[in-house]
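Please read the structure below before turning to the comments.
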Amino acid sequence: MPKKQTRLLILSIGCALALAFHFTMVLVYFFFWFNDEVELVDPERTPFRELDRFSRNYIHPLFAQDWFLFAPRPVYYTDTILLRGKTVDKETGAIAAVSDWYSVNEYMIAEIRNNRWSRMNFYRNTFSQNYDPILWNYSYKNHEIRADRAMARNEDEAKIFLPLERFGSRLLRMMDPGRPYDRMDAMVIVTYADRHDTGKPAHPTETILIENLEFIPERADRDVFRRAPR
Amino acid sequence: MSFAALRDKWLDYITVKRKLIPLSILRIGYGSLLLAYFVMLWPERDFFFSNLDGYYPDEYISTKSRLLRSLLQAFDSYVFLDALLLIGIAGAACFTVGFLTKPAHALLYASYFLLEGRNPLIFDAGDDFVQLSLLYLLFCRMNAHFSVDRRLSERRKEREPEKEWAAVLHNFGVFAAIAQFLLIYLISDAAKVLGGMWRRGTALYYASYADFFNLIDPVTELLRSHLWISQVMSYAVMLFQLVFAALVFIKKTRPWILAAAVAFHAGIAAHFGLVYFSLIMIVFDVMFFSDEEWRAWGRKMRRRFAGPERKPAAA
């Protein structure tokens, strides 16, 4: 066999082995995801724990992937975000005016229905990221959460409101343009699907009221050389 | 068949670049979709990606990768963000038309990887597949057809000798991208089998209560009011995902299963509004036809639209 052919054969075998290793790691990675549901193996046993760790380290960040796509359970509830703006009296510091509640969902769904290729798709995909940190930090009482930005005990706690403040400010400006608000409130209402066999909601509706969020004005001009303090 | 004959047959197969026409069509599809998305993201770039004004603080992004974590610090700078997106736009434009295709491909991948790393959730599930397939396809020749590069090399009458080792890498890049595509359906199907809602056929009924993913009211009403519709559709989706990998490699069933895939993803785009993901999946279907099949269609189309070829007039 000519030398060139031997080299090509070795290269192709090497590529096949690399591919086999790669996709085996991908399958191992997903196996441990599924194992959380079905517990085929004991994840605490050292070889499985190490294999799980190794596959995660291999997959992230270069080959990161998630193919659950409405599985194992599809989203079966609707998070509705309502926003209202508040204007503060500069002299007394008291709330001078409060706007109506604006439904972010209605606005976004109308935009997406009108144009499936709308930029609102990006906003829709970020939706729950905005208030999840707040939900994780405050516990439920009777399916209700009441959080107040002004009650944040320290800077770290105040930080969890930031995603919703930025998201809410931008959306409020889109829905109610030209109104110089100073603060805003947000309400997240989680409504669950009706159970198919009873016709009654699968879970009680949950309400999260978040008050006194900062209204962040649009930046007029960007300071391109500014760096964030670390 | 002897080992030597098998080896020679394998080498004959693997040392010739395969799927050059589908790869060129895929290049145009991916490139134009990414170009459209990058252009749409330009006015929103600070909000989605900046560490300074972005809605999502970078410290909330969970990654154990030290490399990615240090790269994400670059989003502290507006100059970096603007440059990255502009590189992405230029890369996508060059990639689409097939001009300086390989460097454009690499730049497009790098900018997409960093933007997706900074904010993994603004795209839908299509982003993971685009990112992975762009990486695998870096080993492939994407500009063999319908490209400026090809026109330029024809004009210069350059004829690059085909390197056999490059053909091996090219073909394995194609295998990897196709295997990844098939894995999406199989993993997703396995995950569905684990979920009680899918096993009972009520998954689409319950999903019809998620406002953002139900954009066609009559469909939502049907899913809510007739459970059997949800059951039929839920089982049909699971069956489709299960058999796709097998039927797409059988010549007789391939057009039917691909037609089903296009209908499935068109439905997802129209009703669930996951347009980007659906278009990416539809565009990738071109990879399941060989160069010979594409050439045969090309000849058929030319005959249909150009009419019968004229015979030269007798002297």
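Below, chains carry the letters A, B, ... as their sequence lines are ordered, and counting in each starts from 1.
- Of the two parts of B:Leu215, the backbone and the side chain both hold a non-hydrogen atom closer than 4.5 Å to a non-hydrogen atom of chain A.
- The contact between B:Ile187 and chain A is made by backbone and side chain atoms together, counting heavy-atom distances below 4.5 Å.
- For A:Leu27, the part lying under 4.5 angstrom from a heavy atom of chain B is the side chain only.
- The aromatic rings of A:Phe54 and A:Tyr58 sit parallel, their planes meeting at an angle under 30°, below the 60° perpendicular limit.
- Interface residue B:Leu194: backbone and side-chain heavy atoms are both found under 4.5 Å from chain A.
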Steps toward side chain to side chain donor-acceptor pair (under 3.5 Å) verdict (A:Gln65, B:Gln180): CA-CA 10 Å; A:Gln65 47 195 295; B:Gln180 185 67 60; 2.6 Å; yes

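- Looking at A:Asn130, the atoms closer than 4.5 Å to chain B (heavy atoms on both sides) all sit in the side chain, from C-beta outward.
- Contact annotation for A:Phe34: both backbone and side-chain heavy atoms come within less than 4.5 Å of a heavy atom of chain B.
- By the neighbour-count criterion of 12 heavy atoms within 6.0 Å, atom CZ of B:Phe139 is sparsely surrounded, having that number or fewer from other residues, nucleotides or ligands.
- Both the backbone and the side chain of B:Ile184 come within less than 4.5 Å of a heavy atom in chain A.
- Aromatic ring orientation, A:Tyr192 versus A:Tyr76: tilted (interplanar angle from 30° to 60°).
- In this structure, chain A has a heavy atom under 4.5 Å from the side chain of B:Phe48, while its backbone stays farther away.
- Using cut-offs of 30° and 60° for the angle between ring planes, the B:Phe240 and B:Phe264 rings count as tilted.
- Heavy-atom distances place the side chain of A:Phe30, and not its backbone, under 4.5 Å from chain B.
- Contacts of B:Ser188 with chain A are made by both backbone and side-chain atoms, with heavy-atom separations under 4.5 Å.
- Between B:Phe213 and B:Phe272, the ring planes lie tilted relative to each other; the angle falls in the 30° to 60° range.
- Within the 4.5 angstrom heavy-atom criterion, atoms from both the backbone and the side chain of A:Gln5 approach chain B.
- For chain B, the nearby part of A:Leu19 is the side chain; its heavy atoms alone come within less than 4.5 Å.
- Among A:His196, A:Lys4, A:Met108, the residue making the largest number of heavy-atom pairs under 4.5 Å with chain B is A:His196.
- Contact annotation for A:Arg7: neither backbone nor side-chain heavy atoms come within less than 4.5 Å of a heavy atom of chain B.
- Residue B:Asp127: no heavy atom, backbone or side chain, is found under 4.5 Å from chain A.
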